[in-house]
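Some notes on the structure that comes next.
FYI, side chains are in, hydrogens and waters are out, and symmetry mates aren't considered; it's all heavy atoms of this structure. All of these numbers come straight from a predicted model, not from anything done at the bench. Quick note on labels: first sequence line is chain A, next is B, and so on, each numbered from 1.
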Amino acid sequence: MTRFYVTTAIDYANGDPHLGHAFEKIGADVIARYHRMVGRDVHFLTGLDEHGQKVAQTAADRGLEPQAFVDGIAARFQSMWTTLNISYDQFIRTTDATHKSGVRALIERIAEKSPDDFYEKTYEGWYCVGCELFKRENEIEEGHCAIHPTRQLQWTKERNWFFRLTKYRSFLERLFAGRPDFLLPESRRNEMLALIESGLEDISITRSRLSWAIPFPIASSDGEHQGTWVWFDALPNYLTATGYPDGAWRNRWPADLHVIGKDITRLHSIVWPAMLQAAELPLPRRLWAHGFVHLAGERFSKSAGVRLELSDAVARFGVDAFRYFLLREVPFDDDGNFSWERFEDRYNADLANALGNLASRSIAMVEKYVGGVVPTAGQTLLDEADAGDVSAYHAAMDGRDGFLLHEGLQAVWRSVARGNEYVDRQAPWKLAKDPGQRVALEETMAALVRHLARHAVLLAPFMPAKAQALWEQLGAPGTVISQRADRLQAIDASGWNVTKGAPLFPKEREGA
RNA sequence: GGCAGGGUAGCUCAGCUGGUUAGAGCACGGCACUCAUAAUGCCGGGGUCGAGGGUUCGAGUCCCUCCCCUGCUACCA
């Protein structure tokens, strides 16, 4: 079976999971579930980035040891992913012993394979304590940090280890030229090309002040082991999660896809490939940089900083509806908005009225007109027309042009709309009154059940529980998740015993 | 400031190399139907295509200028 190793970014452990984290994990989960349903051997990795100054500071503010603090955060993230039905196979934490040793091994390997790539340099400049950063000329306004104008900038000298990123310019140029789909969407790719063209700079990869970090394995000239810069620690998680450097890590690496936010494209498409190249290790096959969900609408627009509680969003219409809404409303290659108004509109229009009611009316008619057992009947124009939407769905989902999950859902709903039109055009309630139309009636009923069965399969990555509920109401055998999304033509509903259950997407009652 | 992308119906967006009355979904109005979660289907109202010039027989679609929005412009993550 073809392997498919997909990762999300690991979230920074200085706060609880929020909408932005959830959007990425849900999107990556849909990609993982889709690939399982087209027969891939999927390994889905997510995790937490637990080192760094800010984590240590936040822990201290709460009177906790860093490790105790991140243990609590990790538990909350994992609990949220369980709530959201994120089907991850592995949850990596950068404080895991295996990760720490893996990072050390990677750094040592870079030093061994590319001894010229690490060098010590004294950095001298204005340091802002508020930012924990050296500031450049253009970031200083009237002698103060633009972000922290009340703080005094300090002229500071620090001797750090540097990584010779500049050496990899032509390597990166060849990478981007030779693999046009290495980084998508196109807009992100173009930004990175522009950045590479403008010239790269070497990056400092250790910090002398940083205690909550993986000690950089190579001692400085004065004998100190500085803390490893958080990104040099975090990026390798995708590799260390495979067991690197021990065991059968080569069975999983390289990753097939890193799903990341557009804000960290540079680290993933430039720094990470350079690190791997320096270590003479294979590069990930593809990067997908998704956009962001913004909060909009009455409840959010006025006061800045108001957050959406994920638990509220889930409680409103259930997990599956929330997953559906986010991925339908927010293009996965761009930004979009969350608002309760839109959520309610889409729940009613798309889920309750269009899909839920189509299932409801179809199943009711199978029960009423043909005794609840799906008749044997051949393909119809409905099956034929659906084929176009099914291929559009796969084109959006399988990565050939990126991962346009919203377009996958659009394709399914074009089909759902066709289902409702089909019912009205066939008017089974009329066919049922005329014994001479028995064949047409049976053909119509069977076509509708196949039609819904396809929807159940195509929607299973997005709404696992609702898809299964529909699958069961149709009387289909086995579980929907074990079906092959790329073999829908084979669906034959003959003999399935339908059962009309509770509405798939119940509407709220007045005043509720 | 530089580079890139965008400003099209109330909302989210399609509109390829310029060509008949500018489209879709949702929302809204009317009609039809009754299998269904008062659901669905059909029809319809609604747009100075950011502003102003220009090229052209003809521009949302090309050129110029301007206004506005977004992203990138590297070592918080």
Side-chain angles (χ1 to χ4, degrees), chain A residues 9-15 49-55 57 123 128 130-134 136 138 147 160 162-163 165 185-207 229-234 261-267 270-271 289 291-292 294 296-297 328-331 334-337 339 341-342 345-346 348-369 406 410 413-414 416-417 419-432 444-445 448 500 502-509:
Chain A
I10 53 175
D11 301 306
Y12 198 54
N14 66 344
D49 181 11
E50 305 184 333
H51 287 126
Q53 194 68 43
K54 284 189 179 175
V55 167
Q57 188 58 50
Y123 195 92
C128 172
C131 295
E132 298 283 1
L133 277 178
F134 283 98
R136 302 168 147 220
N138 61 3
I147 302 165
N160 294 323
F162 277 70
F163 175 62
L165 186 62
E186 195 78 22
S187 53
R188 301 300 150 205
R189 179 172 187 271
N190 290 338
E191 287 175 359
M192 292 307 110
L193 280 170
L195 181 61
I196 294 167
E197 287 309 306
S198 75
L200 303 172
E201 292 173 19
D202 291 344
I203 50 179
S204 69
I205 55 168
T206 62
R207 295 287 181 280
W229 173 46
V230 281
W231 276 106
F232 231 73
D233 165 350
K262 64 181 185 180
D263 56 332
I264 52 176
T265 309
R266 192 189 70 247
L267 284 313
I270 292 178
V271 177
F292 296 133
H294 299 113
R328 176 67 194 264
E329 187 73 6
V330 184
D334 206 343
D335 292 4
N337 292 312
S339 79
E341 295 81 359
R342 289 293 289 173
D345 285 349
R346 285 217 176 271
N348 288 323
D350 299 352
L351 297 178
N353 294 350
L355 175 61
N357 185 56
L358 175 63
S360 221
R361 66 196 305 210
S362 302
I363 293 167
M365 288 189 286
V366 173
E367 289 190 336
K368 188 176 286 191
Y369 301 143
H406 57 293
Q410 278 169 23
W413 257 264
R414 278 197 299 275
V416 169
N420 278 314
E421 289 163 25
Y422 179 76
V423 171
D424 280 45
R425 197 168 305 123
Q426 294 299 104
W429 47 93
K430 287 181 184 163
L431 299 178
T444 301
M445 293 299 101
L448 282 171
K500 181 162 179 179
L504 238 34
F505 302 100
K507 284 201 177 176
E508 297 165 294
R509 282 181 291 159

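Pairing for B/rU20 is absent, judged as Watson-Crick or G-U wobble with the two contacts each under 3.5 Å. Of the nucleotides present, B/rC11 is the one that pairs with B/rG25 by Watson-Crick or G-U wobble criteria, both distances under 3.5 Å. Taking a pair to require two hydrogen-bonding distances under 3.5 Å in either a Watson-Crick or a G-U wobble arrangement, B/rC42 pairs with B/rG30. When Watson-Crick and G-U wobble pairs are counted only if both distances are under 3.5 Å, B/rU65 pairs with B/rA51. Partner assigned to B/rG1 is B/rU73, using Watson-Crick or G-U wobble distances below 3.5 angstrom.
A distance of about 12 Å separates the P atoms of B/rG10 and B/rG46, rounded to the whole Å. The separation of B/rG15 from B/rC33, taken at their C1' atoms, amounts to 35 Å, rounded to a whole angstrom. Distance noted for atom C1' between B/rU48 and B/rA22: 14 Å (whole Å). Comparing the C1' positions of B/rC26 and B/rC62 gives an interatomic distance of 34 Å, to the nearest angstrom. For the C1' atoms, the distance linking B/rU8 with B/rG23 amounts to 10 Å, nearest Å. For the C1' atoms, the distance linking B/rG50 with B/rG7 amounts to 6 Å, nearest Å. Taking atom C1' in both B/rG53 and B/rA59, the straight-line distance is 14 Å, to the nearest Å. For the P atoms, the distance linking B/rC69 with B/rA27 amounts to 32 Å, nearest Å.
Contact record, A/Gly336 with A/Val330: N-CG1, 3.6 Å, taken as the closest heavy-atom pair.
Here A/Asn190 lies out of heavy-atom contact (under 4.0 Å) with every strand. Residue A/Ala364 is in sugar-phosphate contact alone, with no base atom involved, counting any heavy-atom pair closer than 4.0 Å across all strands shown. Residue A/Gly52 is classed as having no contact, given no heavy-atom separation below 4.0 Å to the nucleic acid. Among the atoms of the strands shown, none is found under 4.0 Å from any heavy atom of A/Ile270. Within 4.0 Å (heavy atoms only), A/Phe163 reaches no atom of the nucleic acid at all. If you check every strand for non-hydrogen atoms under 4.0 Å, A/Trp229 touches sugar and phosphate atoms only. Nucleic acid contact for A/Ser204: base, since at least one base atom lies under 4.0 Å from a heavy atom of the residue. At the heavy-atom level, A/Gly291 lies nowhere under 4.0 Å from the strands shown. The residue A/Leu165 sits close to a base: some heavy atom pair falls under 4.0 Å. Among the protein residues, A/Arg425 comes within range of no part of the nucleic acid, since none of its heavy atoms lies under 4.0 Å from any strand. When heavy atoms are screened at a 4.0 angstrom cut-off, A/Asp263 is found touching base atoms of the nucleic acid. Within 4.0 Å (heavy atoms only), A/Trp231 reaches at least one base atom of the nucleic acid. When heavy atoms are screened at a 4.0 angstrom cut-off, A/Leu358 is found touching no nucleic acid atom at all.
Of the two residues near RNA chain B, A/Gly199 and A/Leu267, the one whose nearest nucleotide lies more 5' is A/Gly199. Along RNA chain B, the nucleotide nearest A/Glu191 and the nucleotide nearest A/Asp424 are compared for position; the residue whose nucleotide lies closer to the 5' end is A/Asp424.
A/Asp202 places a side-chain N or O within 3.5 Å of a backbone atom of A/Leu165 that can act as its donor or acceptor partner. Within the 3.5 Å criterion, the main-chain N or O of A/Phe292 finds a donor-acceptor partner in the side chain of A/Asp335. Judged purely by atom type and a 3.5 angstrom limit, A/Tyr12 uses its side chain to pair as donor or acceptor with the backbone of A/His51. Not one N or O on the side chain of A/Asn348 forms a donor-acceptor pair closer than 3.5 Å with the backbone of A/Lys507.
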Determine, step by step, whether A/Arg266 and A/Leu195 satisfy the side-chain contact (heavy atoms from CB on, under 4.5 Å) criterion, reporting the C-alpha distance in whole Å, the side-chain angles of both residues, the deciding distance to 0.1 Å, and the verdict.
-> CA-CA 9 Å; A/Arg266 192 189 70 247; A/Leu195 181 61; 3.4 Å; yes
Using the side-chain contact (heavy atoms from CB on, under 4.5 Å) rule, take A/Thr444 and A/Met365 through it: C-alpha gap first, then chi angles, then the decisive distance, then the call.
-> CA-CA 10 Å; A/Thr444 301; A/Met365 288 189 286; over 6 Å; no
Working for side-chain contact (heavy atoms from CB on, under 4.5 Å), residues A/Leu267 and A/Phe232 | CA-CA 10 Å; A/Leu267 284 313; A/Phe232 231 73; over 6 Å; no
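Remark: C1' of B/rA39 and CD1 of A/Ile363 are 15 Å apart, rounded to the nearest angstrom. Counting to the nearest Å, the P atom of B/rC35 and the CG atom of A/Leu431 are 12 Å from each other. A straight line from CE of A/Met192 to P of B/rG71 spans 14 Å, rounded to a whole angstrom. Regarding A/Asp334, its CG atom lies at a distance of 12 Å from the P atom of B/rU12, rounded to whole Å. The separation between A/Arg361 atom CZ and B/rC35 atom C1' is 6 Å, rounded to whole Å. Spacing between atom CG of A/Leu351 and atom P of B/rC26 amounts to 13 Å, rounded to whole angstrom units. Atom CD in A/Glu186 sits roughly 20 Å away from atom P in B/rC3 (whole-Å rounding). Residue A/Tyr422 contributes atom OH, which lies 16 Å from atom P of B/rG41 at whole-angstrom precision.
Of the side-chain N and O atoms in A/Arg266, one or more sit less than 4.0 angstrom from OP1 or OP2 of B/rU73. In terms of phosphate contacts, A/Lys262 brings no side-chain nitrogen or oxygen within less than 4.0 Å of OP1 or OP2 of B/rC72. At B/rU40, one or more side-chain N or O atoms of A/Asn353 fall inside 4.0 Å of OP1 or OP2 (strictly under the cut-off). Phosphate proximity of B/rC35 to A/Lys500: absent, as no side-chain N or O sits under 4.0 Å from OP1 or OP2.
A salt bridge links A/Arg342 to A/Glu329: one of the charged nitrogens lies within less than 4.0 Å of a carboxylate oxygen.
Minimum atom distance to the side chain of A/Glu201 is reached by B/rA74, of the listed B/rA74, B/rC33, B/rU37. You'll find that the side chain of A/Ala349 is closest to B/rC26, out of B/rC42, B/rU37, B/rC26. The A/Lys507 side chain lies nearest to B/rU37 when the options are B/rU37, B/rC11, B/rC35. In this structure, the nucleotide among B/rA36, B/rA39, B/rC26 sitting nearest to the side chain of A/Lys368 is B/rA36. Taking the side chain of A/Arg207 as heavy atoms from C-beta on, and the options B/rC75, B/rA36, B/rU37, the nearest nucleotide is B/rC75.
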